[in-house]
Amino acid sequence: MKRTYRWSDFNLRLEVKDGILLKNGLTGAVVVVDAETEKSISDSITNGILEIGEERLREFADPDTAILVSSDSDEYVAWRKRLIFKRNEEAHIFTIHFLPTIQCQLRCDYCIQKGIDRGRGMEQGVLERSLVWAREYLEDHSEIDSFRFVLFGGEPLLQKKLMECSLNGFHELAREKELQFWTEIVTNGEFLDESAAGMLSEHEWRRVQVTLDGPKDVHDARRHGENGRPTFENIMRTVRMLVTTDYIRKVDIRISLDVENGDRIPELIRELAELGAQDRINLSIGLITPTFASPERVGLERVIAEKALAAWKVAKDCGFTIPEEFLTGPWCVAIAKHSVVLQPDGTLQKCFCTAGRKEFDFGSVFDPADGYLKDSRFEHWQRTDECIARKCKFLPFCGGGCIYSAMVEHGGPIGATKRFCQKTLLDRMNHGLLALTYG
Ligand code: SF4
Ligand code: SF4
């Protein structure tokens with residue numbers, strides 16, 4: 001039987017100087033065709049006779065490319081089935097976001113942990129119980145072959161001693177279970193000195209993330225300590241130390257961007273470029289969503305996209321690597337099967353943005369490690385029904401968006417069943433990044 005084809009629903013289309021660029025959001029494949037070829041393929045799809053050579057057809061319709069797909073395929077349903085299968089049947093990484101404390105020496109205006117009871121740091125007894133719990137969990141899940149250990153907070157380096165004990169304990173457990181192990185840390189960067197870097201580098205240290213909000217005056221006005229104590233210079237000292245030593249290969253610098261600071265971000269990027277360490281720095285831009293700050297402050301999606309793209313243009317001109325796409329899903333640690341946020345009192349959550357909020361606890365290391373790390377609020381797969389009904393081409397980039405943001409937007413657990421839709425942002429950012437990369 002003769003197979004007929006159509007353009008994939010997940011293709012993004014952009015006019016570039018050599019013709020038409022098509023990128024498939026699911027496979028990531030990019031092809032450029034001249035306008036005539038594009039038209040002739042479109043015409044022949046309509047006529048049912050595909051007039052492109054066999055070789056070109058193979059290139060476009062290969063499952064790894066999927067620019068053209070079989071005309072009877074339902075890409076949306078296939079996408080969701082594959083996502084759920086991958087999540088449930090192919091999970092092999094155990095991820096702990098480990099919080100030695102949720103205290104922090106910074107007083108950022110927009111902190112998502114503002115207003116929560118930050119309690120005290122983790123006690124040795126909780127760490128010891130956590131190790132027992134993790135061992136039991138690993139024994140119950142022989143499919144796990146890798147262990148990702150992420151130090152998170154608050155500021156994890158406020159509990160340096162406990163942090164060191166946890167690194168020793170969990171690394172040893174991974175060795176004993178013959179798992180591939182690595183460490184990451186998300187820190188405000190103030191206390192990450194050579195002694196801390198040395199300690200981390202003994203534990204397969206793969207990633208460090210610090211945050212900057214703009215050049216010194218902007219950053220210090222937003223990410224300051226008690227009584228407005230400035231922090232920019234301290235963080236830059238850490239960045240300089242990390243890019244001039246060998247404790248870790250690269251430093252991830254996350255730049256928070258909203259309508260207030262967006263126009264000043266290019267200045268920060270130029271200042272970072274002066275370090276001359278573009279090959280040692282990964283830049284990312286964190287767009288603050290309306291659920292993390294007031295809507296007025298965050299601004300309209302298209303305004304934010306323009307500011308972020310202007311910043312990426314400067315980053316590219318300065319020699320930094322820029323991303324080719326902008327994602328708001330479909331995966332995150334809160335959805336992953338063997339992933340958990342382990343809080344200082346031993347309670348467990350799925351999403352690292354909910355730390356300290358009791359209503360998001362779903363278990364504790366003091367309970368037996370039964371089943372898998374399940375909080376049903378993060379398993380509402382049907383939430384993409386509306387995305388599918390609307391045939392949204394951004395589904396592979398988004399998957400219905402952040403579940404926590406949906407819960408905040410819709411005022412509670414009911415939100416977990418709904419989308420958090422940022423389609424305008426996804427549209428502008430993805431076409432803009434494609435143009436910057438290939439234009
Ligand atoms: S639910 Fe949202 S905030 Fe939480 S980890 Fe996932 S993407 Fe991040
Ligand atoms: S939430 Fe919005 S942008 Fe995301 S896949 Fe659904 S319809 Fe598309």
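Just so you know, residue 1 is the first one in the sequence shown, and it goes up from there. For ligands, and for the atoms within them, numbers begin at 1 and follow the listed sequence.
- By the neighbour-count criterion of 12 heavy atoms within 6.0 Å, atom CZ of R302 is sparsely surrounded, having that number or fewer from other residues, nucleotides or ligands.
- Excluding waters, the set of protein N/O/S atoms under 2.8 Å from atom 8 (Fe) of ligand 2 reads C392 SG.
- None of the N, O or S atoms belonging to C402 lies under 2.8 Å away from atom 4 (Fe) of ligand 1.
- Of all non-hydrogen atoms in C104 and G154, the two that sit nearest each other are CB-CA, 4.3 Å.
- Between K418 and E409, none of the side-chain N atoms (NZ, or NE/NH1/NH2) sits under 4.0 Å from a carboxylate O, so this pair counts as no salt bridge.
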(request) I would like to know whether F60 and Y5 meet ring pair (Phe, Tyr, Trp, His ring centres under 6.0 Å); could you show each step before the answer? (result) CA-CA 10 Å; F60 282 23; Y5 294 88; over 10 Å; no
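- The heavy-atom pair separating R419 from H410 by the smallest distance is O-NE2, 3.7 Å.
- Less than 4.0 angstrom separates some heavy atom of C332 from each of these atoms of ligand 1: 1 (S), 5 (S), 6 (Fe), 7 (S).
- With salt bridges taken as basic N to acidic carboxylate O contacts below 4.0 Å, none links K350 and E379.
- Proximity to C353 (heavy-atom distance under 4.0 Å) selects the following atoms of ligand 1: 3 (S).
- For K216 and E271, the salt-bridge test fails: no basic side-chain N is under 4.0 Å from an acidic carboxylate O.
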